[in-house]
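Presented below is the structure to which this report refers.
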Amino acid sequence: MTTIEILTGILANNIFQAIWFYCIVPEPKHSRAKTALIITGTTILYTFAALAICVTAFRVFPPAVGVFLGYVAGVVIYGVMYCFLLSTSHPIKSLFLFTGIFSVHTIIITTVSVVTNTYALGNLLVWVLRAVLNSIFLIAWLLFLRKRVFEMYKEIRSNYGIMSAISLMCYFIQTLFWFYNMQNKSRDGFFNVLLIYACGLTIAMYVMMFRHVAHLDYANRMKQLQANEKYLQAQIESYKKMGENARQTRHDFRHHSMVVAEYAKNKDYQAILSYLSEYDEKERGKYQEAFCKNQAANTVLSAYVNRCEQNDIELIADVWLEETERVSDYDLVTILANILENAVNGCMETEGNRRIEVSLGQKGSKLIMVCKNTCVSDILFENDLPKNRESDGVGVESILSTAAKYGGVVDFSASDGIFVCRVVLSNKK
């Protein structure tokens, strides 16, 4: 294999890889232009590195080893680029998609190698086959898979280390078959059966993992629906109570007027003022406290005021929110209700003074929520997310997945017996 064949093979291979990496960044750190620039620079760097490694290795090792070492260099260089430079996801989570794409890439080159009886480098037939197979996978990805896979990928907020480990093992199996294929030109029927089995097993594992994520997403949405139904019911009940209070006020108004008129006849103005003050206080007590002009937020806060009173928890609310421009009432209820639910649960685990402070409002184009509550001192965190010892943590997942729809930022922290949750959403149409 000549240097020209190696160089042309590496260049053609890297073009496919660059296209793939541009298409598989669900949570990009940069703009499209800067992302393309980073991928291009990495591809140029890898091209020279791979060429140097292959040419040097061919003088010492068999050709198969030289090709393999160049391949390993590509995995390392592209892996660092994707996990640390392109994606805002945690590097371990990014590893899941990275190894998935390299598994597909390895299946393609192994298939071409078996069909053409080559190292999948060098001649025109090899690159025609690789171009056709890559094009088929890319078209299927862009038209049918990318949107759904990205949606499910964004739902993976915890325990992604296990999924990345499974994906890495699938990729390792494919790499072993590819390297064995290059080392042994004589392939019997048993090898081909094992190869087909390994490819099928890899595909099945990815399907099972994404079905698992889809199931978690469905459970999360059902929990959100149940929570929203509960607060909708609370809103309906509050309207019924307001209607009953209004009817009672109209019925009793004549009697109150008679009392005021009697005081007026006697010119007892102080008694009139005292009676009207008491009347006003009792009437205001009949109606739900209005925290803000946003009805959805007002209903959730009112419901939790009652719950906090029942559990001896002090709730302080600083709310300055009108109707939102972009954030839907459904999503606002989902986030706020889960934040307050977690805060109440956190307070219930503590002894002594129980306190929740919540602020909610809009600054510029950002909708900001901050909730502080008393908590135990040994809260567990995993991947910067609070981990409940008893529940499944769906509340935190709901906050994260809903906030992601609005380009939101969510932060959790705990210090000195105070747990803090901060959520910032884009509320500009």
Side-chain angles (χ1 to χ4, degrees), residues 227-228 230-235 237-238 241-242 245 277 280-324 327 329 331-364 366-379 381 385-386 388 391 395-396 398-400 402-403 408-425 427:
N228 280 272
K230 181 170 66 174
Y231 294 108
L232 178 61
Q233 188 63 39
Q235 188 173 8
E237 291 297 325
S238 70
K241 186 175 181 180
M242 290 172 64
N245 288 333
S277 177
D280 180 65
E281 182 179 348
K282 290 186 176 181
E283 285 300 311
R284 281 190 290 108
K286 292 180 181 180
Y287 297 94
Q288 174 178 291
E289 181 180 359
F291 292 92
C292 62
K293 295 181 179 180
N294 186 290
Q295 188 60 47
N298 195 61
T299 301
V300 175
L301 287 166
S302 298
Y304 273 95
V305 164
N306 296 331
R307 184 170 174 185
C308 287
E309 289 177 350
Q310 295 170 4
N311 293 281
D312 194 26
I313 299 173
E314 181 184 6
L315 176 61
I316 299 174
D318 179 19
V319 185
W320 66 100
L321 183 65
E322 299 186 357
E323 295 302 319
T324 54
V327 180
D329 287 348
D331 290 331
L332 179 61
V333 168
T334 296
I335 295 176
L336 183 57
N338 278 297
I339 289 175
L340 291 172
E341 182 73 20
N342 292 340
V344 170
N345 291 337
C347 287
M348 295 295 291
E349 296 178 355
T350 63
E351 300 292 339
N353 182 37
R354 297 172 172 176
R355 181 185 178 94
I356 297 175
E357 296 180 15
V358 58
S359 63
L360 171 61
Q362 182 161 331
K363 291 183 179 180
K366 302 297 183 182
L367 193 155
I368 302 172
M369 305 182 206
V370 180
C371 182
K372 302 178 182 180
N373 64 273
T374 52
C375 65
V376 295
S377 59
D378 58 342
I379 291 182
F381 281 84
L385 301 178
N388 195 309
S391 68
V396 172
S398 295
I399 295 170
L400 292 168
T402 306
V409 177
V410 183
D411 174 68
F412 301 97
S413 63
S415 178
D416 299 325
I418 300 295
F419 183 86
V420 182
C421 174
R422 299 179 182 88
V423 179
V424 180
L425 309 177
N427 190 36

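In this structure, CZ on Arg307 lies 7.5 Å from CE on Met348, to the nearest 0.5 angstrom. To the nearest 0.5 Å, atom NZ of residue Lys293 and atom CD of residue Gln295 are 13.0 Å apart. Residue Ile339 holds its CD1 atom at 11.5 Å from OG of Ser398, rounded to the nearest 0.5 Å. Atom CG of Asn373 is separated from atom CG of Asn345 by 9.5 Å, given to the nearest 0.5 angstrom. Summarising the geometry, atom CD belonging to Gln362 is positioned 10.5 Å from atom CH2 belonging to Trp320; distances are rounded to the nearest 0.5 Å. Taken to the nearest 0.5 Å, the SG atom of Cys347 stands 4.5 Å off from the CD1 atom of Ile313.
The shortest distance between side-chain heavy atoms of Asn338 and Thr402 does not fall below 4.5 Å. Looking at Ile399 and Asn342, their side chains come closer than 4.5 Å, going by heavy atoms from C-beta outward. Looking at Val423 and Leu336, their side chains never come closer than 4.5 Å, going by heavy atoms from C-beta outward. At a threshold of 4.5 Å between non-hydrogen side-chain atoms, the residues Leu367 and Val424 do not count as touching. With contacts defined as side-chain heavy-atom distances shorter than 4.5 Å, the pair Glu357/Asp318 does not qualify. Side-chain contact between Leu332 and Leu321 is present, with heavy atoms from C-beta onward closer than 4.5 Å. Inter-residue side-chain proximity for Ile335 and Val327 is flagged as unmet; no heavy-atom pair is nearer than 4.5 Å. Using a 4.5 Å heavy-atom threshold, the side chains of Ile316 and Ile356 count as separate.
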side-chain contact (heavy atoms from CB on, under 4.5 Å) evaluation trace for Val358 with Val370: CA-CA 6 Å; Val358 58; Val370 180; over 6 Å; no
Test log, rule side-chain contact (heavy atoms from CB on, under 4.5 Å), inputs Asp331 and Leu425: CA-CA 11 Å; Asp331 290 331; Leu425 309 177; over 6 Å; no
Cys371 and Phe419: side-chain contact (heavy atoms from CB on, under 4.5 Å), yes or no, with the steps? CA-CA 8 Å; Cys371 182; Phe419 183 86; over 6 Å; no
For the pair Cys292 and Leu360, evaluate side-chain contact (heavy atoms from CB on, under 4.5 Å) and give the outcome as yes or no after the intermediate values. CA-CA 10 Å; Cys292 62; Leu360 171 61; 5.7 Å; no
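Salt-bridge formation is detected for the pair Arg355/Glu314: a Lys NZ or Arg NE/NH1/NH2 atom is positioned less than 4.0 Å from an Asp or Glu carboxylate oxygen.
Between the Arg354 side chain and the Asn311 main chain, a donor and an acceptor come within less than 3.5 Å of each other. Side-chain N or O atoms of Asn427 include none that pairs as donor or acceptor with a backbone N or O of Lys366 at under 3.5 Å.
In this structure, Tyr304 and Ala337 approach most closely via the heavy-atom pair OH-O, 3.4 Å. Here the shortest heavy-atom pairing between Leu301 and Leu315 reads O-CD2, 4.4 Å. Looking at every heavy atom in both residues, Phe412 comes nearest to Cys421 through CE2-SG, 3.5 Å.
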